[in-house]
Each structure stands twice: as structure tokens, then as C-alpha cells.
Amino acid sequence: MTVLLSALTVHGPAGVMVEPIDAEIAPGATLALIGESGSGKTLTAKSIVGLLPRGFRATGQVSVARQDLPVTRAGDDAAWRRARGSSVSLLLQDPFTSLTPVHRCGDQIAWTVEVAAGRRLPKGARRAAVEERLAEVNLPARVADAFPHELSGGMRQRVAIAAALASDPQLLIADEPTTALDASNQAEILDLLRRIQLERRLSVILISHDLGVVRGRTDQVLVMRDGKVVERGATAAVLAAPEHPYTRALIEADPVVAARTGARIAEESADGSAEAEPLLVCEGVTKAFGARTVLDSVDLSIAPGAIVGIVGESGSGKSTLARCIAGLEREGDGRIVLGGSPLAPGRASRTPDQVQIVFQDPYSSLNPMMSIGAILAEALGVAGRAASEVPAMLEMVGLPAEFARKRPAELSGGERQRVAIARALAPQPRLLICDESVSALDVSVQADILALLARLRDELGIAILFISHDLAVVRMIADTVTVMWDGRVVESGPCHEVLEHPTHEYTRLLVAAAMRENAVPADGKD
Amino acid sequence: MSDIRVIGVAAVRRRRRRLPIGVAVAMGVLALAVLAAAFGKAIFPDAMHQDILASTLPPGSPGHPLGTDELGRDVLQMAIAGTASALVGPVIVAIGSMLLGVVMGTLAGYEKGWLDTLISRWTDLLLAVPVLLAAIVVSGVMGGGYWVTVALLIVLFSPSDIRIVRAGVLEQSARPYIEAAQMLSLSRWRVMFRHILPNVTSLVVTNMMLNVAFALVAFSSLSFLGVGVAPGTADWGRQLTDGRAIMFQNPAAVFVPALLIVVVAVCVNLVGDWIGQRLSQVGEEVR
């Protein structure tokens, strides 16, 4: 039941997009495709399942268990679907959008079961099949009656896995299956996939930009760049002794590797201690949305020129805290003091030279209709600075001056985030908040942006509040780290101390996730 | 993921630049209509001149290629001279209701609260009023006339603009770039009109062009019903009414203005769609 790819090539409107790939995946084995956005890894996956976008086509051969699958969608559509329908399944990145919101989870699994069976099942048999599939992914039978929005991200991705496996495929392609999940869920889902794979002797192609996901869970790895395979081999061997410079750079940029070796991007500043008058103090900050308390009496202190990390999963309140400090949300209770003077809730009485934010998504945080120059000139203008400083601002964040004429759509994600940083710094704020500012970026770009932030801190002496769900990223740059869970601060202290001696149970989980250790047993809790 | 973003950017752009043939034809037709609106009356000052001796000539008569109507007026000359009245009103109505819609819709969508409630209920009220019926009533009470109709239609056409702008503004104001603008403590007017408005322009312009077409039909209907322009004015709707009586003696007297109304309305729609599409591609990702 070996899966064979031979000379699989993807052609786009402008020529060859992915150069010929050959690979062999034994039953129960996992092939990892590693690369950054634009490397061709997703196109490769789509060519195998036949979902290439219009204008693209594939050549070469894909065979599953000695049966050739047609790689081009020609002629009879139904025959084409039958040929691959039950032998290959695709698991997508985002469990929030890959399930249909208007149908119950059980129905979505049942569709695949029925398509694979080639007939409609009687009600009882259908229900039994769905419950059996749910049990395989450690979900209780009641999930069958739930709609996707009633489930957490981790549970949704389990439903998606159950639906993908319901046709009993021989090959499962998982495209960034855990990228959209919280750190604590990631490990569970990956371990679950690994367990099912071994039980079913399923061949898996795992696509990821995250070396940590690949480590210890895959057998073979293909490193891709610009549509070419630059390195291949056994996963452990490639990660231990990369030969290609690109692979080496990827491994060096990886926060998980850094977490294991203790490498940092920013110097740990020693003077961020108690003697200095703190720049920002939060005391008992509390916030509720309706009946739900999202911030429960949070205390936080930031020294001038310090980089303070906040870690926590979605819903932990870390972003709400940042938004209260920025004035975008009004805290219900508590005090926020900047440089000795209290900040009133809300934006109305705030000035731009106090706090600025760099948001997570560089694709939507810049006005698409304004040029980069106009965006920066406006930000300079509110601080009474002249538009002639735009080239200097661009230079400060490492961009050429001619970018001023471009629009956001012409820039890459990393370049946009640099513009967003320049905009935030233009009014010369005293505190810069980075709210998941590198989470949407590729690892090597992420490392560049972290280095930029560290340099700006050193040059400008600005304090930075760095928020992330990934402790591995935070520890590369922050001096101190605060761990939030369920709206409360559960742990706080210098980075190395928290990492080496976590006292709270949740922190231990985060540390394990940061090291990508398989510490979490797949016990079905969510 | 975004792996597909790398496809030949140049090739995609070139494809977008090419003008679809239908849109090109529609633009040509509209250009002709604009010329006729600008110079029609100057070229044919006597278009409305009555000549009982030449009453109801069929198409192809000497000196009257499309024949004449009951009062001996040349159908072709009247149609050309009537373009101004047919185009100017609808364009003013569309622009006026667009301006009203932009201001009220942006305020409602961005400020929310009681202002939004007030404006939204006002649009609900206006939407419940049948356009033609209201125009007939107002003309009846106020004595009618072209400019009264224009003013009335501006108000009656504004709800669609207000709603569309409001929806677009609501959608945009949740985006992070608006929060970034708020972080700069920009004035609300600057956020509304410098940041949000350019991002809803494509919606606004497309809807404005649609309104031109709708208003053209509405004006013609009103003239047809006799409450729009004064009798004796060159106007397609009026011409349609007058020509109806002699439909079988000179079909051109009915079909020429009817056809012009339909063709111009369709062309405005085609061009409007295309402009809206082009505008929405500005600042868009190249995918």
C-alpha cells in the first residue's frame, strides 16, 4: 500500500511552479514537506488531491497501492472523483472554516462514510458509524449533534480528522493541521494523528512551516524552497545535520531550536529590575464582557527599556489586557499608570505618544488604499513631525526609501509588519505593544522582525510589551515573562527562571509545548 | 496558504487591463449620448417645431428619416434633442443621492448608537414610499416640474445609498487598520472620510451608476405619465407618450425613444459594473 510520487510537477500560468518531486511513503510512514509561504508545498498537496486552482495543472504520476491516480482532471468528473475519492484525504489548516457551519458535525462525517460506501446508510447504521469515528479521535458521541461553532478549536480539528478518515483513505495529506490551534492543543492533535496513523498503517504527508511539528513525528522530510526540493532525507538526520544552507537557516531561525539551545535574539537586560521607576504599572485591572470575566485583577509592571512578554492561549485575556493599556477597550476596574500619571479608560483622553500597538495581521492592519508613504506621513503628522522624515522611518525598519510609493498589497507579510512597526514608532510612544505581531509570519521572517524589535529597543530605549501564544518565541526576546491563564496572571518572572522552574501547571504545559516535547497524553480532554 | 501569490503578476495585470468588448461598446454608446445631450439642442433648435402638414409621416419620408409624430415633429431630431433632459436629471439624482448616502451612511455606520438608529429608521421609512406614486402626488400638489422631480428623486433614491455605505463602513470599521488610525488619535472625520471612505468607493460608485439607470427609467415613466417635464419639452418619456397614439402609422415614434431608454440604461449598468470592479481591485492582493 505504498504511496509513490514520481516526477510530480505543477505547472502554472507563468511556467513550472513546482519542479519534479519523487517520493515514496511506506504504509504507516509520514513524509514531511517543509518550507515557507511560496515554496510550493501547498501546491504539491493540491496537485495530489486534484484541487489545483484554475490555470494550474500537474504532470507526473501519483500511485497509491500500485494504482495510478490521474493527476489531471480530464473527461469524466465522476470517474475522476471515484478514482481518488476514497484513497486520498485532505486535512486543512483552519478548523474554523473547513467545517460547514450550518450542518451538524455528525452529518459531515456521515457524508464521507456514505460516499466511501457508495450508498445511503439506514439511520441506525449511520449513527453507529459516526460514533465509531468520533471515538477514534477521542470525542464523545454527543459531538455528533453539535454544530461546529459549539466546539473548541481542538475539538473541531478532531471532527475534521474524523471526517477526513471516514472514507478509510490510504493516504492522508495534512496541510498545516495545527497552525491555527493553541500551543496546548497542537501537541494533542499531532499525537492523535500519529497514533491513528500507526493503528491504521496510514501513509501521511504532513505539510508545515514549523520544524517543531515535524520533529519526532515524521520519518522523511523534503525541504522545499521556490518550488524546488533543496534537501531530503530521514527527518532526524536532516534536522541534526542539515546540508543545504537554506535548511540550516530555517533550523537556526526556529524558536523551538532556540528554546532548546537557549539562544536569544535580544540581550537580556539586567537593569530591568526593581530599582528603576517602572514605566507602566497595571493594578487590579479587571474587565468583563457581559457575564464573562476576561481580566480578573491583573497586575503588571514594565520597566523603562524592558521587553516584557505575555504568554497565554486564546481566551486567556492577554489581548484584552493589551487593548485596555492601549485604550481600545475600557477596563471595568483597576488602574493603569504610565510614567507616573494614570491613563483614563478609552482612547478619548489618550495621546499617540503614550502607547502604540503593532497588530497581529499585517494584511489588514494597513489601509489598502493608502500608499506606504501616506500611512507613515500621517503617523508622523500626529506627532508634529514632517513628512520628509518618511525615508528615515523606512530606513529605521530596514526598508528602502522607494517603498513610500508602494501600496500595502505590493509588500510581503514581513515588509508590511515593518511598515506597521514604523507607523507605531512615528509618534515616538513610550511603550510599544506587539500583539501576536510575528504569529502570522514565516519562521525566518519572524526571526528578522524579532531582531528588528530588539535593535529598536536598544537604539530608542523604548519599552516593549510582547504578546504571544508561543513561549518559544517570547523567550527569544523578552527579559521577563508573564503567563496568563483564564484572565489571571498565574506566573511571572525573568524569562530563564520561568522556563527552567515553572511553578504553575499551565506554565509547565506551555514550556513543554515550547520545546515541542510530546508531554501531553492524548486522553481526550479538551 | 498563500503559495499561489507568486504567479506571474505581470500576466494577471495585463489580463485585467484589457477592456471587455461589451463595456467598450457601452462606453461608445454613452459617449454618443453625452455628445447628444451637450449639443443636441444647439444642432436641432427647431426639433419641437410643429408642422401640421407633415403630420404622422412614416419612416423613410423625405427630410424625415424616422418619420414624424402626430404634430409633425421630426422623430430623430426630437430623440436627439431629448437626450439632455433624459440624462441630466438622472445623473444629478444619482450624484445627489450618492452624496446624501455617503454622509448619512458613513455617520450611521461609524458613529453607531442613536444616530445610526435615527438614520436607519429614516431609510426604512423612505423605502416604504413607492417612488412613482410619491412623485405623482408631489407633482400634483406642488405643480410638478423637472426640478421638483429631481429633488424628490434624490431623497427617494438615497435609502439604497445610505444602506450600502453603512454596511460597507460597518465592515471596514472592524478592521485593524481602523484601530491603528484610532491609536494615532486621528479625528473621527479623518478616520471616516480619509480611511474608511476610499475603501467603500467601489460600492458607492457602482451603486451610483445603477441609480443613474433607475432614475432614467423613473424620469421617463413620470414624463410618460405626464407629471415629469412640461408638455412641449424634448424628452424621451414625453415622446413615448405622444408617439403611442400613432404606433401603427409611424412605429418609430414609439420605438425610438423606448429603445433609447432601454439601451442607455443597459449601457450605464454595464459601464458601472466594470468601473466598480476596477475600483475594487485597487489595493487588492494580487492572487
Side-chain angles (χ1 to χ4, degrees), chain A residues 12-15 17 35 37-44 46 53 55-56 93 175-176 179 207 209 226-227 323 326-328 347-348 350-352 355-370 374-375 378-379 381-383 407-410 412-413 420 423-424 426-427 429, chain B residues 1-16 18 106 110-113 168-169 171-205 276 278-287:
Chain A
M17 301 300 300
S37 349
S39 62
K41 56 192 196 306
T42 296
L43 278 181
T44 306
K46 290 192 166 168
F56 289 73
Q93 169 176 2
D175 189 355
E176 304 266 9
T179 309
I207 296 173
H209 68 280
D226 296 337
R323 293 170 63 81
L328 289 170
R347 283 297 309 163
R350 306 286 186 94
T351 54
V355 180
Q356 286 295 328
I357 291 200
V358 178
F359 294 94
Q360 168 172 9
D361 182 7
Y363 293 86
S364 59
S365 64
L366 301 176
N367 189 335
M369 297 305 244
M370 286 169 80
I375 289 171
E378 182 176 59
V382 300
R407 281 182 199 264
E410 298 171 66
S412 72
R423 173 180 61 189
Chain B
M1 289 209 53
S2 51
D3 291 19
I4 311 152
R5 231 153 57 83
V6 279
I7 43 169
V9 172
V12 173
R13 293 234 170 102
R14 221 174 301 127
R15 188 157 4 107
R16 280 182 183 170
R18 206 183 297 142
T106 308
Y110 189 72
E111 296 288 339
K112 306 191 178 77
V169 169
E171 189 201 345
Q172 294 293 326
S173 57
R175 303 251 167 114
Y177 75 87
I178 296 304
E179 293 200 321
Q182 287 164 350
M183 287 306 296
L184 294 174
S185 299
L186 299 176
S187 76
R188 56 179 47 170
W189 296 104
R190 195 171 164 89
V191 175
M192 277 190 267
F193 291 102
R194 176 101 172 87
H195 284 266
I196 298 182
L197 203 54
N199 283 289
V200 297
T201 315
S202 65
L203 286 176
V204 170
V205 171
R278 287 297 304 263
L279 284 175
S280 68
Q281 282 164 3
V282 178
E284 197 187 53
E285 302 291 318
V286 181
R287 272 173 204 271

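Just so it is clear, the model here is predicted, and its values are computed rather than measured. Proteins come first, then strands; the chains are lettered A, B, ... in the order of their sequence lines, and each starts at number 1.
- Residue Ile178(B): no heavy atom, backbone or side chain, is found under 4.5 Å from chain A.
- Here the CE atom belonging to Met183(B) is positioned 10.0 Å from the CZ atom belonging to Arg423(A), to the nearest 0.5 angstrom.
- Partners of Tyr177(B) under the side chain to side chain donor-acceptor pair (under 3.5 Å) rule, at least two apart in sequence or in another chain, are Gln172(B), Asn199(B).
- For chain A, the nearby part of Arg190(B) is the side chain; its heavy atoms alone come within less than 4.5 Å.
- The candidate from Ala420(A), Pro427(A), Gly55(A), Ala326(A) with the greatest count of non-hydrogen atom pairs under 4.5 Å with chain B is Ala326(A).
- Of the atoms belonging to Leu328(A), it is side-chain heavy atoms, and not backbone ones, that fall under 4.5 Å from chain B.
- For Asn367(A), the parts lying under 4.5 angstrom from a heavy atom of chain B are both the backbone and the side chain.
- Taking OG from Ser202(B) and CE from Met369(A), the interatomic distance works out to 6.5 Å, rounded to the nearest 0.5 Å.
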Full working for side chain to side chain contact (heavy atoms under 4.5 Å, CB included) between Met370(A) and Arg407(A)
CA-CA 6 Å; Met370(A) 286 169 80; Arg407(A) 281 182 199 264; over 6 Å; no

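- Under the side chain to side chain donor-acceptor pair (under 3.5 Å) criterion, Arg323(A) pairs with Glu329(A), Glu179(B), sequence neighbours left out.
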